[in-house]
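Whatever order the structure lists ligands and atoms in, that order sets their numbers, starting from 1. As a basis for the values below, the full set of heavy atoms in this structure was taken, side chains included, without hydrogen atoms, waters or symmetry mates.
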Amino acid sequence: MSAPRTVDVLFSAPQDVYDEFHPAIMAALKSVGVPARISPELAPEDVDYIVFTPNDLIKDFSGFTRARAALSIWAGVDKVLGNPTLTLPLARMVDPGQREGMVEFVTAHVLRHHIGMDRYILSSTGWDQTAPKLARYRKVAVLGLGELGGACAQMLSALNFDVHGWSRRARELDGMTCHHGAEGLTRALSDAEIVICLLPTTPQTENVLNAQTLALLEPGAVVINPGRGALIDDAALITALDAGTLGHATLDTFRIEPLDEDHPFRAHPKITISPHIASLVRVDSSAGVIAENIRRGEAGEPFLHLVSRQEGY
Ligand code: NDP
């Protein structure tokens with residue numbers, strides 16, 4: 001049997017990301033038996049695999065004539081999907097560590113509102129002893145039941161929330177009610193008290209939370225958006241918060257990042273902002289995902305986590 005060839009991997013990312021990931025991916029490739037050279041710069045025609053952050057560092061993919069795949073180290077690939085020169089198989093990151101982190105972030109923010117953390121614990125005035133309702137009586141809508149949304153929905157269901165999930169295709173997940181399609185969105189959102197957005201941005205999901213859909217929620221409901229900024233109509237969100245029909249919004253993602261210092265979200269008393277940190281890719285677990293896809297490419301096996309150009313995610 002001949003020795004496996006040494007593959008040339010272009011790792012296109014900001015320097016600090018490169019420094020962090022390089023040793024981890026080398027170690028992961030070694031453990032799956034793929035000899036490799038990883039470099040931040042290579043002549044395009046010499047590249048076997050492109051590992052990259054899809055943030056425009058590579059603008060033209062047409063010179064990568066022998067590359068077998070482009071492997072994103074980010075979960076979201078919306079920024080690169082419209083690039084007509086990227087015709088290679090494109091895999092996105094599905095990282096078990098990132099999934100775990102997202103479940104922690106979402107659960108923490110749901111519980112903040114569920115137990116009335118701001119009202120009962122962080123506020124030192126008054127003596128309001130109204131008991132918060134039990135989770136089983138609180139409807140939570142999870143928009144997106146994929147790798148991240150599905151895991152969050154399952155955790156919330158394990159905590160007894162009345163979970164209603166929404167996806168594009170019909171899905172069945174234990175312990176919750178699943179909806180799909182336009183009518184399903186209405187059913188998922190109607191009277192929900194907490195909404196979590198974990199959808200990709202596509203032409204079908206942009207502004208999925210707008211004046212009309214926000215009006216379906218229980219008065220005083222909370223929106224938590226670690227998905228993508230474009231999922232929400234910003235003006236409709238502010239209008240609903242100011243009118244009091246919406247109680248609070250916790251936003252981790254924005255149409256333009258970093259969020260402008262003067263953006264009205266920053267000073268709004270009913271908005272909590274975090275700087276797109278809901279869940280970052282974890283180096284150790286994600287390096288193994290990249291290495292496994294390169295191993296698959298070398299073995300002629302199908303790549304994991306391929307993005308559908310047609311569906312846009
Ligand atoms: P997946 O691709 O695994 O899941 C996407 C989900 O959205 C699926 O359930 C899919 O439905 C559903 N969906 C897509 N289009 C529609 C539609 N038109 N109508 C209804 N449902 C739809 O994505 P992930 O779970 O991995 O990621 C979700 C989001 O989280 C992404 O936007 C990603 O960028 C973001 N993210 C944010 C991070 C942060 O730190 N803030 C970190 C990582 C990711 P179906 O099941 O039928 O395919």
Side-chain angles (χ1 to χ4, degrees), residues 17 53-55 71-82 90-109 141-156 163-173 176-189 195-210 213 223-232 249-259 272-283 285-286 289 304-313:
V17 178
T53 51
N55 57 346
L71 310 173
S72 167
I73 61 163
W74 289 355
V77 288
D78 39 319
K79 284 194 176 154
V80 81
L81 262 183
L90 168 65
R92 70 189 192 96
M93 177 52 65
V94 174
D95 169 23
Q98 184 172 43
R99 183 166 50 223
E100 218 174 302
M102 187 61 84
V103 170
E104 292 173 11
F105 178 92
V106 166
T107 306
H109 285 279
V142 182
L143 308 186
L145 290 176
E147 295 291 338
L148 303 175
C152 293
Q154 273 167 337
M155 174 58 81
L156 296 172
V163 178
H164 288 248
W166 184 63
S167 54
R168 190 172 56 82
R169 295 162 287 192
R171 284 189 176 265
E172 278 185 31
L173 292 175
M176 68 191 78
T177 309
C178 295
H179 307 272
H180 68 285
E183 284 177 17
L185 179 63
T186 301
R187 283 196 290 273
L189 292 179
V195 183
I196 296 136
C197 299
L198 276 166
L199 295 159
T201 310
T202 68
Q204 289 73 38
T205 62
E206 184 161 4
N207 291 329
V208 68
L209 289 185
N210 52 46
T213 51
V223 168
I224 299 171
N225 183 19
R228 281 290 179 264
L231 299 173
I232 303 182
T250 294
L251 309 174
D252 183 63
T253 53
F254 307 92
R255 283 168 191 270
I256 298 175
E257 297 180 1
L259 186 67
T272 299
I273 281 173
S274 51
H276 203 138
I277 47 71
S279 189
L280 303 176
V281 166
R282 271 41 179 199
V283 177
S285 44
S286 62
V289 177
L304 298 172
H305 317 309
L306 284 179
V307 174
S308 157
R309 258 70 172 208
Q310 201 184 343
E311 306 304 345
Y313 68 97

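Considering backbone and side-chain N/O of Arg228, one or more are found under 3.5 Å from N/O of ligand 1. Every N/O-N/O distance between Ile277 and ligand 1 stays at or above 3.5 Å. At least one N/O-N/O distance between Glu147 and ligand 1 falls below 3.5 Å. Distances between N or O atoms of Arg171 and those of ligand 1 include at least one value under 3.5 Å. Between Leu280 and ligand 1, no N or O atom pair is found at a separation short of 3.5 Å. On a distance-only criterion, Arg168 and ligand 1 share at least one N/O pair closer than 3.5 Å.
Taking 4.5 Å as the limit, some side-chain heavy atom of Cys178 sits within range of a side-chain heavy atom of Leu145. Inter-residue side-chain proximity for Met102 and Cys152 is flagged as met; some heavy-atom pair is nearer than 4.5 Å. In this structure, the side chains of Glu183 and Arg187 come closer than 4.5 Å at one or more pairs of heavy atoms. With a 4.5 Å cut-off on side-chain heavy atoms, Tyr313 and Leu199 do not count as touching. Here the side chains of Leu185 and His179 are not in contact, with every heavy-atom distance at 4.5 Å or above.
Per-residue contacts place Ala278 under 4.0 angstrom from the following atoms of ligand 1 (heavy atoms of the residue considered): 39 (C), 40 (O), 41 (N). Those atoms of ligand 1 with a heavy atom of Thr253 less than 4.0 angstrom away are 41 (N). Every atom of ligand 1 with a heavy atom of Ala75 under 4.0 Å away is listed here by number and element: 43 (C), 44 (C). For ligand 1, the atoms sitting less than 4.0 Å from at least one non-hydrogen atom of Gln204 are 18 (N), numbered in the order shown with element in parentheses. For ligand 1, the atoms sitting less than 4.0 Å from at least one non-hydrogen atom of Met102 are 37 (C), 38 (C), 39 (C), 42 (C), numbered in the order shown with element in parentheses. Heavy-atom proximity to Gly76, at under 4.0 Å, picks out these atoms of ligand 1: 34 (O). Counting atoms of ligand 1 from 1 in the listed order, those under 4.0 Å from a heavy atom of Trp166 are 19 (N), 20 (C).
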Chi angles and distances behind the side chain to side chain contact (heavy atoms under 4.5 Å, CB included) call for Val195, Leu189: CA-CA 8 Å; Val195 183; Leu189 292 179; 4.0 Å; yes

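Contact analysis leaves Thr202 out of contact with ligand 1, as no non-hydrogen atom separation drops below 4.0 angstrom. At a 4.0 Å cut-off, at least one heavy atom of Arg92 sits close enough to ligand 1 to count as contact. Contact between His180 and ligand 1 is absent, with no heavy atom of the residue lying under 4.0 Å from the ligand.
Counting non-hydrogen atoms of neighbouring residues, nucleotides and ligands closer than 6.0 angstrom, the CD1 atom of Ile256 reaches no more than 12 such neighbours.
Ranking the protein heavy atoms by distance from atom 43 (C) of ligand 1 puts Gln98 NE2, 3.2 Å first. In this structure, atom 9 (O) of ligand 1 lies nearest to the protein heavy atom Leu145 N, 2.8 Å. Protein heavy atom at the shortest distance from atom 10 (C) of ligand 1 is Tyr313 OH, 3.6 Å. In terms of protein heavy atoms, atom 30 (O) of ligand 1 is closest to Leu198 CD2, 3.6 Å. For atom 37 (C) of ligand 1, the closest heavy atom belonging to the protein is Pro226 O, 3.0 Å. The nearest heavy-atom contact from the protein to atom 32 (O) of ligand 1 is Leu199 O, 2.8 Å. Looking at atom 40 (O) of ligand 1, its nearest protein heavy atom turns out to be Ser279 N, 3.0 Å.
When atom types are taken as modelled, the side chain of Asp95 and the backbone of Val281 share no donor-acceptor pair closer than 3.5 angstrom. Of the possible polar contacts, none joining the Thr53 side chain to the Asn55 backbone as a donor-acceptor pair under 3.5 Å is found. Looking at Ser72, its side chain never comes within 3.5 Å of a backbone N or O of Pro54 through a donor-acceptor pair. At least one donor-acceptor pair closer than 3.5 Å links the side chain of Arg282 to the backbone N or O of Leu280.
Ion pair Glu311/Arg168 flagged as a salt bridge, since at least one NZ, NE, NH1 or NH2 atom sits closer than 4.0 Å to an Asp/Glu carboxylate oxygen. Between Glu257 and Arg228 no salt bridge is recorded (no basic side-chain N to carboxylate O distance below 4.0 Å).
Distances from atom 44 (C) of ligand 1 to the heavy atoms of Leu148, Thr205, Leu185, Val94 put Leu148 nearest. For the residues Gly101, Pro200, Gly149, the heavy atom positioned nearest atom 7 (O) of ligand 1 is part of Pro200.
Asp252 approaches Ser274 most closely through the heavy-atom pair OD1-OG, 2.7 Å. Asn207 and Asn210 get closest at one heavy-atom pair: O-ND2, 3.0 Å.
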